[in-house]
Structure formats: structure tokens, C-alpha cells
Amino acid sequence: MYKIMFSAGETSGDMHGANLARAVKKLAPDTQLFGFGGPQMEKAGVVLCKNMLDYSVMGFWEVLVNLRKMFKLRDFLVEEMKRQKPDLLVLIDYPDFNWRLAGEAKKLGIPVFSYIPPSAWAWRKGRAKKVAQMADKIVAIFPFETKVYEEAGADISFVGNPLLDNVKPSMTKEQAYAFFGVNPGDDNILLLPGSRKQEIAKMLEPMLSAGKIIKRQRQRAKFFLPVAPGIDAGQIEQKIKEAGLDVQLCREKTYDLMNCCDFAIATSGTVTLEAALMGLPSVVLYKMSSFTYRIAKLFVKVKFFSLPNILADEKILPELLQDEVNGEKIAAEATRLLKDTDSAKEVKRKLAGIKPKLGLPGVAERTAELILQTAEKFYHKN
């Protein structure tokens, strides 16, 4: 019987961790799972030492501000590793924290499995060598990630993207229209400000500003906003009230909501790929602190920042960065994605070509097999 420790610090990582936990338990029911994660992982059978909802931060400046809190978390989890002695540490994304934890695991002789490794393909390519030295096995979720790690000597596999197993509607489009009260004759617009509190603080206001402009231009515009787990809907409602825009908040069946909306205004991240897989065009926004942006400009060398555009190697979706993230520019780009435009039809056609690039379904099961193989490999060594 193996004892495996998980570490995931974001909503998407919580979802991936939960899928892995279920798959591991299916293959090896006696496996003990514990660690750092969220409510989805806990529901899937991971005994949480700490809940990630209290620690989700991103960006250089944001991490610096929360450094003391994050060091305390790391020290706590290191003590848990010493006490529980896991056979394997599984890191799920969340690189700035997880790779500090990996260093401590290696000191304790605990093998490290990396699921969704740091984006060395885009920046800090030198980091690939360090990650390769620390990780005993790496599983990437995009095909373009493997080259830089292979060159660094890593044992890395691409077994497909987990979104292929998750991103699908649970009802027909007609049922979704009825469930959410959507009129298909309206301009139904989805607002996706992010799953982190700091993302919402930065992105919701310009989205609402754009919504007001769109509403003046298109009287039949209707706005919907799915609230991520762990986010206080009251704070969002207050911002919406201050903006003076009518927005319907939703707490479940986000993919069904995507399936019955016409386009989205979205913060860059996994959600833009989720929307793309649902055939939903997006105006993609990215905004960070000035300090983080100046640092990123020195190191990041990519043509696009949204995942659908990166996968397509083409600017399918409009992207707005930093000061471009304002109501006027967002609304201007949004007009190209209205359902009655030729440009929206062309975007949808091109989005359909992204899915084949992500591999085949069954990703969690294939990754779980590799997790157990890695645990087995080092279990006998110890």
C-alpha cells in the first residue's frame, strides 16, 4: 500500500488533483492520499493538511507580499512529510510554491512526480534543467512542453490534456437555455474574471465597464458570470451593483453555460481553453502588477499569451494586455465576436481545430498509472 502526498494551490489544480485521486484510487484502492489542495480533492479522497483556498496567489509582487505566509505553509507541509513519510510527492502546477516544496522533499529522500510542470518552454528555460534534476517523473499537458525538458535530460511524457475528460456539457443546449433562463435570441455574453480573488479584483471592473458599453450598443445583451468555488459572491454582487449592470451569477454547470452563450470576455488562463473546447469565442485579457510585468518582459518570449492561440500558433482570439484592459478596448474587440458576424463564425471554425492537438481522452487514468509506477519504482528502492 502506497502513501502519496499531493500539492495543488489553485482551482484548476484542485480539479486535476481530484481526477488523479479518483483514478489512483480506482487502480489501487488501498493507496493513502493526503496533502495540500482544495474541496474537490478532499471530496475525491485526499485528506487535506491545509486548504488551498487560503493560499492562492500569483505573480512576483503578489508572492513577495505573501512570502511569510507561504514560507509558513511550506514549513508546515515539510513537517507533514517528515511525519507521514510519503512514498511519492505529486506536484500539480503552482510552480513558485511547489518547486520549493520539491527541494525539501528531495532532502528527505522523497521522490517527486510533476504533473503540469513550470512553463520553461515560454520563459526561464534554464529552469528546465533544475526541474529535471529534482523531478523523478514529469507529465506535461501540452505537446509543445516536452522538447525543452527532454533537452534538459528529464523523464517527461505527454499523455494528453485533462480538459478533454472534463470539458463537456451535462445537458442539451435546449435544456441549458431553460436551466439558466437564457433566450437564444439575445446576445448572451459570459464574463470570466478568474478563479482567484486578486484576478477578480483587477479584471471584473473593466469587464463590467465593457458590458455597459456593449449594452448601450446592443439592447438585447445579457450577461452571465459563473462564480468559482471559494469566491465570495457577495463581493462580486457589490461590484456589479456599483457598476450598474445587470449580471446573472451562476454557481454550477459552467460548461453548460458556455454552451448556450455567444462569446466570453475572459481573463487569460485555463478557462480560455475550456471555452475554446466548448466552441465559445473569447476576448482574452491579461493584467498583472507593473512590477511583475516589467520582470516578465525581460524573460518571456512568446507570440501569444492565451492557450488557444498558442496551440493554434495563430491569433484566433483577440488578446488585450495591461493598459489595453479597459472598457472601451474590450467592447471594441467584443463587437467582432457577436453571433451575427462573419468574424465570429470564422473564429468558431478555427477553434474546432484545437481539440485534436490535445491528445485523447482518458488522461487522468494514464497519469495515475504513471504515478503508481513511479511510486512502485522507488518503493522497492527504499
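Any value given below was found using the heavy atoms of this structure, including those in side chains, with hydrogens, waters and symmetry copies removed.
- Smallest separation of non-hydrogen atoms from A105 and M81: CB-SD, 3.9 Å.
- At a threshold of 4.5 Å between side-chain heavy atoms, the hydrophobic network of Ile, Leu, Val, Met, Phe, Trp and Tyr places I116 and F144 in one connected group.
- Checking side-chain atoms of D186 against main-chain N and O of A221 turns up no donor-acceptor pair under 3.5 Å.
- Results of the side-chain hydrogen bond (donor to acceptor under 3.5 Å, both in side chains) test with N309 over E319, K350, K315 single out E319 as the only residue that passes.
- Side chain of R100 to backbone of D96: a donor-acceptor contact under 3.5 angstrom is found.
- With D187 as the partner, the salt bridge (Lys or Arg N to Asp or Glu O under 4.0 Å) test is satisfied by one option alone out of K215, R218, R220: R218.
- Electrostatic pairing of E79 and K82 counts as a salt bridge here, judged by a charged N lying under 4.0 Å from a carboxylate O.
- For the pair K3 (side chain) and Q84 (backbone), a donor-acceptor distance under 3.5 Å is present.
- Remark: side-chain polar atoms of T367 are paired, donor with acceptor, to backbone N or O of V363 under 3.5 angstrom.
- One side chain, Y255 or E274, offers a donor N or O that lies under 3.5 Å from an acceptor on the other.
- V284 and I213 sit in two unconnected hydrophobic clusters of ILVMFWY residues. Membership requires side-chain heavy atoms under 4.5 Å apart, directly or through other members.
- Note on R366 versus E369: no salt bridge recorded, every NZ/NE/NH1/NH2 to OD/OE distance being 4.0 Å or above.
- Between the side chains of K287 and S268, no donor-acceptor pair of N or O atoms lies under 3.5 Å.
- Under the 3.5 Å distance criterion, with hydrogens and angles disregarded, no donor-acceptor pair is assigned to the side chains of N98 and D93.
- By the criterion of side-chain heavy atoms lying less than 4.5 angstrom apart, applied directly or through intervening Ile, Leu, Val, Met, Phe, Trp or Tyr residues, Y115 is not grouped with F158; the two fall into different hydrophobic clusters.
- Cation-pi geometry between K50 and F76 is met: under 6.0 angstrom from the ring centre, within 45 degrees of the axis.
- Around atom NZ of K329, no more than 12 heavy atoms belonging to other residues, nucleotides or ligands sit under 6.0 Å away.
- Between the side chain of K348 and the backbone N or O of K345, no donor-acceptor pair lies under 3.5 Å.
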Practice item. Apply side chain to side chain contact (heavy atoms under 4.5 Å, CB included) to Y177 and N183, showing your working. Key: CA-CA 7 Å; Y177 286 146; N183 181 349; over 6 Å; no
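- A donor-acceptor pair is defined here as one N or O able to donate and one able to accept, closer than 3.5 Å; no such pair exists between the side chain of D246 and the backbone of F223.
- Contact of the W99 side chain with the V131 side chain is registered, since non-hydrogen atoms from C-beta on lie closer than 4.5 Å.
- Proximity of K222 to I189: side-chain heavy atoms (C-beta onward) are nowhere separated by under 4.5 Å.
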Practice item. Could you check L88 against V90 for side chain to side chain contact (heavy atoms under 4.5 Å, CB included), going step by step and ending with a plain yes or no? Key: CA-CA 6 Å; L88 185 68; V90 177; 4.0 Å; yes
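- Side chains of E242 and Q238: a donor on one and an acceptor on the other come within 3.5 Å.
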Practice item. List the steps and the verdict of side chain to side chain contact (heavy atoms under 4.5 Å, CB included) for L225 and Q248. Key: CA-CA 6 Å; L225 193 158; Q248 180 177 322; over 6 Å; no
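- Side-chain contact between F263 and S282 is absent, with no heavy-atom pair separated by less than 4.5 Å.
- Note that CG of D87 is 12.0 Å distant from OG1 of T374, once rounded to the nearest 0.5 Å.
- Ion pair D313/K303 flagged as a salt bridge, since at least one NZ, NE, NH1 or NH2 atom sits closer than 4.0 Å to an Asp/Glu carboxylate oxygen.
- Side-chain atoms of N19 do not come within 3.5 Å of backbone N or O of A364 as any donor-acceptor pair.
- Using a cutoff of 4.0 Å between basic side-chain nitrogens and carboxylate oxygens, K202 and E199 are not scored as salt-bridged.
- Inter-residue side-chain proximity for M5 and L77 is flagged as met; some heavy-atom pair is nearer than 4.5 Å.
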